[in-house]
Structures are given as structure tokens and as C-alpha cells.
**Q** 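Got a structure for you, questions after.
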Amino acid sequence: MKSTSTPSPARVFLAVALSASLGLTPIRASSHMDAPGITLDQSANTTDVYAFVVERNGQKFLDVALSVYPHQEPGVGPNKYNFDPNVLYQIFLANPTTGADLVAYQFQFAENYKTQNTILQSYTGVVGANGDSSQNLTQTYTVTKVVGSASTPLGNGTVPPNNQGVATPRYNKGNDGNQPAKDGVGDTTQLDDYTRTAIATLSGGYRSFAGQRDDAFYGDINAIFDLLSLKSGNQRFDSQGGFNVHTIVLEIPFSEIPGGANQTMGVYATTSRRANTVLTDGANSAGTAATGPWVQVGRQGNPLFCEAFIAIKDKDLYNRTKPTSDAALFRTYAENPELGVLINALVLKGNVAPVTNRADLAAIFIPDVIKVDLSTSRARLAGGGATSSVLPDDAGYSRLSIFGGDVLESPVASGHPFRLPGSALGADASKFYVPGGWPNGRRFGEDVIDIGVTAVISDLRSLPLTIRSAAGIDNVDTNDAILNKVFPYSPTPHNGRNYDHNPRQAASPLLNISARGVAGAGANSLIGGFIIRGTQPVQVVVRAMGQSLTAFGVTGALADTTLELYQGQTIIRSNDDWKSTQQAAITATGYAPGSDSDSAILVTLEPGAYSTIVRGKNGATGVAIVEAFLAQ
């Protein structure tokens, strides 16, 4: 692989060791305002599609998801956000080369009121279980598998309540409606009661879920569409932070997939409405009636394509057409991306990104279906970050997918457009690999903005690949809520009584410590404490320095420190010699200790009070300092 240097005006960094063939391209994943027409129809507005391979009880599944109805402010009333019974939601398995439909999974919703003789549309009391007497408006849904003209009902499910607060306490920490939403978990038994009991077991080995969730897309959409005026340093703005969406998740057994495991499968989704809508008014009016055949009004495949590649004149056309039309109608937008022109002019200040004949980008977006290599092992999943004390990411997971070194072996010639020889990646030359995430499927938690911009400014058309990394370009690198590592994967919806939009834009959530003293033996250890405030987890560096102090003229400094981090009586992390475990990550924060014998911990912590204990190794004593810094 070759690398070329790049101007750095907007935090575009050069990657020298990563070969990747990602072909995502745009400068953002999905602002959820992709086309003029669909922004006027929010319950049919598709925001994101996900597709990735999982394993459960020794069996492989393809898990697919569709999110709709963006920018839901938590806890509204008296009416709330719902799936629309007049919209047909469909997730498709498709031919990855032609875009032709192979299987359609249709989700249709119905709603029922316990009573309409009240102003309390959603809740008449505290909801103890999905669909109980306190959940006044309850939605149910059916799932139907369609192959050609043959339809097979798979089953039905119940939509859990939205997260209002006091009315829906089981979504929230301590089952307290005044507390923030619960974090993601790694065990199904630990899911909140509403989510866990809303997982429907369908015929044929399928499982489904449909309900309100946190919006798992993150990025600074404001800055991107404000003339690419990107932020840096402590200026962070997650445009989707604190908002919810409605999400449908379906788990498909490999045995139900035409062609089985040794192939690449395409995935996309659509929304449709009836062709005719009849409105009546007056005292004897009947309200709204929808009739006629279903007509497609929304479509979603890969993130970014409609939004950041297709010109305004064709955006609504994209939403009305199928992937089989993409090669004829929209290929030119992928091959000659205006986005690259804009990045060159406004960010890189030079002709860096190739802007013509981009066959590599066309391989991702034409047809616009997410392409998933089914022959790989399960996808690595995100939790709360690699250093999370609550739920760490899977080992090897990277939010940057292949550009972060996250790849999967592809044991058969599956047909994926970015199946690369190991020699191109510095890996086993006898094997082939695909990206661990987008553009090989898409997982919850991926930073599709950084991945996409990297692809646009790189050149992936031939080996060796030319990779220019855009990691951190929009200065947002994590979701605002911890993801689940079990079905349905998307995070718990934000609590209407206790949530923040862009909490990291507010006052610092960390009340720092910097305590110096003698670290003695036993009860005379050096003890410090700090508080994380707010509602969201943050990444913190805690360090204990002894030997480093000698450079500042301190005498009697502790030669070798050990560090323990506690919450209450529970030890969370410990360290002896900071380079022994997290050297690269700690160095990257800028808060690395000055001596190898000092201690440091990089960890993601929930709001709360924490304490530290500093001791000398092997019972030694001396002067030390313990400090905590906000790393994000």
C-alpha cells in the first residue's frame, strides 16, 4: 500500500499503516434529512439501515435493522411518536450486483386504545409490562416474508412504550423514572424489561423487535453543512445526541437465506404509502382514508448516498426507485462525486481527493444496497468504547472498520467488491479479508462519517491502495449512549425526564482532582477523589506520578507508583507501570506520565463519585501526585 501526505487544515490525518479498501464515501452518514420530499413525511423517513453477521447458540444469523422517524425529542405529549399504520415498512435481501429483490420482509403496524375518553393518549399510569392497562395506546405488528408472489406470515409482536420517564421506569437506571436511561448490556437477561419482553420469537427461527431506541448515528452534521466549517479541540457537537428514533430489527437464520452462507448478500429498506388519500371535513366527516396499491416513498441502503452524492434534482427520484435502476440513473454521482470537489476546495485546499472515474466508490453504492459477506465469522460489536468500565467493545472492534484495522477473514470467493488479499493488508498472504464493518455490512456504533471521508479522499481503485485517514474529522467519535451487544443491539431510548442534547458542550462533566502528598504504607496511602456529573459516560485519564516529579525539583519522590480506581468499595481498574497495558491509548490523550514507573489508567466512566489510592510498589513510600483529566 502506498500513502501520500495531505494538507491538514481540518484535522485530516495521514494513515501510514492501514491498508483498507473501504469505499464509503461521504462526509456523513445520514443527517436524516436526505431528500426534500421525505423530510415532510417523518414516520416514513428512513434514517439508517444496518446489516451484520452474528452467532447465537452455535448458529449463524444475518441481523438487519431499519431506523425511521428521526429527531424524536424524548418525552413529548400528549401525543407521542409511533410507527405509522398507514406505512408499509420493508427490509429486502437483494442481489448485490444487480439490486434485484430476493426476499422482502414486510412490517405492518396496527394500534389499539384502551380508552379514547381521555386526554392521556399514551399512558394512564405506570407501565408495568408491555401492553398492560396503563399503556393506553399500544401498537402491534405483523411480519410477513415475501418471495416473488408467495407470502408467508412469520408472526407478530408488540411495540413497547416510548421512554416517557415516571410512566416507564423500567427503561431507566434503578428502575427509576427520574434517572437516565440504562446502559447497553452484554447479556439478554440484563436488558431492561420493556426491551427484553418485546423481543418476538417468530416461526422459522426468526426474531424481531420494533420500538423506540436511541439514535445510534452520530456526527457533527451542523458543521458539515455549514460550509464544512469543522470543529476541533474541545468543540464537539453531535447533531443526533439526545434524540430517539423508531427501529425495526430482524434476525434472519442463514437457513432462510437463498444461496446460504458462501456468498455476499445485499440489504436495503423502503417505506411505502397507499396511492390515494381521501380527506373529509365537517361534522359527519370520517377522517382520513388511504386506498389503492402501495407506492414507495422512501429508500435507504448505504449511508450517505442519497444525501451526500445525489444532486437535489434526483433525490426524490431516488426514493421512488429500486436499486435495479441505480446503474442507469445514479452511477455518475458515485463515479464523479461532488463531495470530493467540495472537500478539496473547503477542507484540504488542494486537489487531493480523486473526483472522476471513481469505480471504487461505485462498487460501494451501485447498486445502493449494503453488501454483506456471509462467509465470515461473526462481526465484532461495539459497547461503550474500548476503555468502557461498563461494557467494553469486542476485542479488535474499531469504529473506523477496516481503516482502524478491523477486518474479517473471507474464506470463500464471496463476491464482495472489497475482498482483499492479505498481502494488501500486511496480513497472511495466503488468505483474503473483508472490512469488519462498513462497507462490509454496517454495525451499530460505526463512525460512518470518518470512514466515508477517508474513502473519498483516498484512492481504492487498485493495489497498492492509497489511504489518507480522516479519523476525527468532525470531532465526534462516539455515540452518546452505550450500545447493546445483544439483540436488538441499538441503545436504550433516552428518558424524557433526564437526558441531554450534546452533554459534552455543557460545563465540564469532570470535577478534577490534583492531590500531592506522601504515599505511605497501609492506611497512610495517598487517596484522592473526583466526580463525574451529568447523565452521560465520559472518558477519563487517571494518573499517579512519583518519579516524574523529580524533574520539577521534588525531593523524596516515590520511585514506583501503583494506582487503584474505586467506585464505593468496588475496585474498577488498577495499574502498575502505565506502559504495560494502554501505552498507545494513553499517549494519544496527551496526559501520559513522564516516567515508565508511574501509573495511569484510561477508562470510560458513568456519572458518579470515584476515589483513587496511590501506593508505593513493594511497600515503598515517598511523595506522589494523583490527577484526573477529561480525555474527550
Side-chain angles (χ1 to χ4, degrees), residues 21-39 45-51 64-68 70 91-92 94-99 217 219 221 224-225 266-271 296-343 353 355 358-372 401 417-418 435 437-442 446-458 460:
S21 116
L22 225 195
L24 290 79
T25 118
I27 192 159
R28 51 172 282 126
S30 171
S31 68
H32 312 337
M33 304 288 283
D34 294 11
I38 200 62
T39 60
N45 188 356
T46 61
T47 68
D48 292 283
V49 171
Y50 303 87
V64 296
L66 165 65
S67 291
V68 297
I91 300 175
F92 292 87
N95 184 300
T97 303
T98 66
F217 166 71
I221 304 308
I224 290 168
F225 286 96
V267 177
Y268 77 102
T270 65
T271 53
Q296 181 179 311
V297 296
R299 170 157 71 110
Q300 189 84 32
N302 291 283
L304 311 173
F305 187 51
C306 180
E307 175 184 23
F309 283 83
I310 295 177
I312 294 172
K313 67 176 183 176
D314 284 332
K315 286 183 182 294
D316 287 337
L317 177 63
Y318 168 90
N319 277 328
R320 298 193 301 266
T321 55
K322 301 283 278 184
T324 48
S325 300
D326 290 346
L329 296 176
F330 309 122
R331 177 181 291 276
T332 185
Y333 292 121
E335 292 183 336
N336 307 288
E338 181 189 9
L339 180 62
V341 175
L342 295 173
I343 292 174
V355 295
R358 292 299 301 267
D360 49 347
L361 302 184
I364 294 298
F365 293 108
I366 306 298
D368 187 25
V369 297
I370 295 178
K371 301 166 180 70
V372 191
S401 184
F418 287 92
W438 195 42
N440 174 42
R442 181 185 173 190
E446 291 183 332
D447 193 334
V448 290
I449 291 178
D450 288 9
I451 293 170
V453 176
T454 295
V456 169
I457 66 177
S458 299
L460 315 175

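All values below were derived from every heavy atom in this structure, side-chain atoms included, with hydrogens, water molecules and symmetry-related copies excluded. Computed from a predicted model, the values in this text were never measured in an experiment.
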**Q** When you measure from the side chain of Asp326 to the backbone of Pro367, do you find a donor-acceptor pair of N or O atoms at a distance under 3.5 Å?
**A**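 No.
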**Q** Holding to side chain to side chain donor-acceptor pair (under 3.5 Å), I want the full list of residues that pass it with Ser67, two or more places apart in sequence or in another chain.
**A**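 Scan of Ser67 (side chain to side chain donor-acceptor pair (under 3.5 Å), adjacent residues dropped) gives Thr247.
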**Q** Just by distance, do the side chain of Arg358 and the backbone of Val456 share a donor-acceptor pair under 3.5 Å?
**A**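 Yes, Arg358 side chain to Val456 backbone: donor-acceptor pair under 3.5 Å.
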**Q** How far apart are the closest heavy atoms of Ala363 and Pro417, and which atoms are they?
**A**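 Smallest interatomic distance, heavy atoms only, reads O-CG, 3.7 Å.
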**Q** To the nearest 0.5 Å, tell me how far Arg442 CZ sits from Ile370 CD1.
**A**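 Here the interatomic distance stands at 6.5 Å.
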**Q** Return the minimal non-hydrogen interatomic distance between Ala35 and Lys315, and the atom names on each side.
**A**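 That closest heavy-atom pairing would be CB-CB, 3.6 Å.
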**Q** Considering only distance and modelled atom types, tabulate donor-acceptor pairs under 3.5 Å from the side chains of residues 334-341, sequence neighbours left out.
**A**
from	atom 1	to	atom 2	distance (Å)
Asn336	OD1	Asn357	N	3.4
Asn336	ND2	Thr332	O	3.3
Asn336	ND2	Thr332	OG1	3.4

**Q** Using modelled atom types only, decide if a donor and an acceptor are shared between the side chain of Arg299 and the backbone of Thr321 within a distance under 3.5 Å.
**A**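 Yes, because the side chain of Arg299 sits within donor-acceptor range (under 3.5 Å) of the backbone of Thr321.
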**Q** With sequence neighbours left out, write down each residue that passes ring-ring contact (aromatic ring centres under 6.0 Å, His included) with Tyr333, or none if nothing qualifies.
**A**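 Partners of Tyr333 by the ring-ring contact (aromatic ring centres under 6.0 Å, His included) criterion come out as none, since no residue qualifies.
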**Q** Measure the CG-OG1 distance between Asp34 and Thr47 for me, rounded to the nearest 0.5 Å.
**A**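 Between Asp34 CG and Thr47 OG1, I get 9.0 Å after rounding to 0.5 Å.
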**Q** Please report the shortest heavy-atom distance between Pro303 and Val448, naming the atom on each side.
**A**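 Closest heavy-atom pair between Pro303 and Val448: CG-CG1, 4.0 Å.
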**Q** Does Ala359 have any side chain to side chain contact (heavy atoms under 4.5 Å, CB included) partners at least two apart in sequence or in another chain, and if so, which?
**A**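 If we apply the side chain to side chain contact (heavy atoms under 4.5 Å, CB included) test to Ala359, skipping adjacent residues, there are no hits.
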**Q** Where do Asn45 and Pro70 come nearest, in terms of heavy atoms and distance?
**A**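 Taking every non-hydrogen atom into account, ND2-CG, 3.7 Å.
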**Q** Quick one, Leu66 and Thr46 - any side-chain contact, counting heavy atoms below 4.5 Å?
**A**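 Answer yes - side chains close enough.
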**Q** Who are the side chain to side chain donor-acceptor pair (under 3.5 Å) partners of Asp316, not counting sequence neighbours?
**A**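 Here no residue qualifies.
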**Q** Got a second to check how far Ile38's CD1 is from Gln300's CD, nearest 0.5 Å?
**A**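 So the gap between those two atoms works out to 10.0 Å.
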**Q** Taking only residues two or more places apart in sequence, or in another chain, which ones meet Lys322 in a side chain to side chain donor-acceptor pair (under 3.5 Å)?
**A**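 Result, side chain to side chain donor-acceptor pair (under 3.5 Å) vs Lys322: Asp101, Tyr268.
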**Q** Could you tell me whether the side chain of Val49 reaches within less than 4.5 Å of the side chain of Val64, counting heavy atoms only?
**A**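 The answer is no; the side chains never approach within 4.5 Å.
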**Q** Could you tell me whether the side chain of Ile224 reaches within less than 4.5 Å of the side chain of Ile449, counting heavy atoms only?
**A**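 When only atoms from C-beta onward are counted, Ile224 and Ile449 do touch, with a gap below 4.5 Å.
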**Q** Write down the atom of Ala51, the atom of Val372, and the distance for their closest heavy-atom approach.
**A**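 Answer, listing the atom of Ala51 first, then Val372: CB-CG2, 3.7 Å.
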**Q** Does the plane of the ring in Tyr318 sit parallel, tilted or perpendicular to the ring in Phe305? Use 30° and 60° as the thresholds.
**A**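 Plane angle over 60°, so perpendicular.
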**Q** Rounded to the nearest 0.5 Å, what's the gap from CZ on Phe330 to CG on Leu317? Could you check?
**A**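 Interatomic distance, Phe330 CZ to Leu317 CG, rounded to 0.5 Å: 4.0 Å.
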**Q** Tell me the closest heavy-atom pair linking Ser401 and Gly437, and the distance in Å.
**A**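 Closest pair (atom of Ser401, atom of Gly437, distance): OG-N, 3.0 Å.
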**Q** So, does Asp368 use its side chain to make a donor-acceptor pair with the main chain of Asn302 at under 3.5 Å?
**A**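 Yes, Asp368 side chain to Asn302 backbone: donor-acceptor pair under 3.5 Å.
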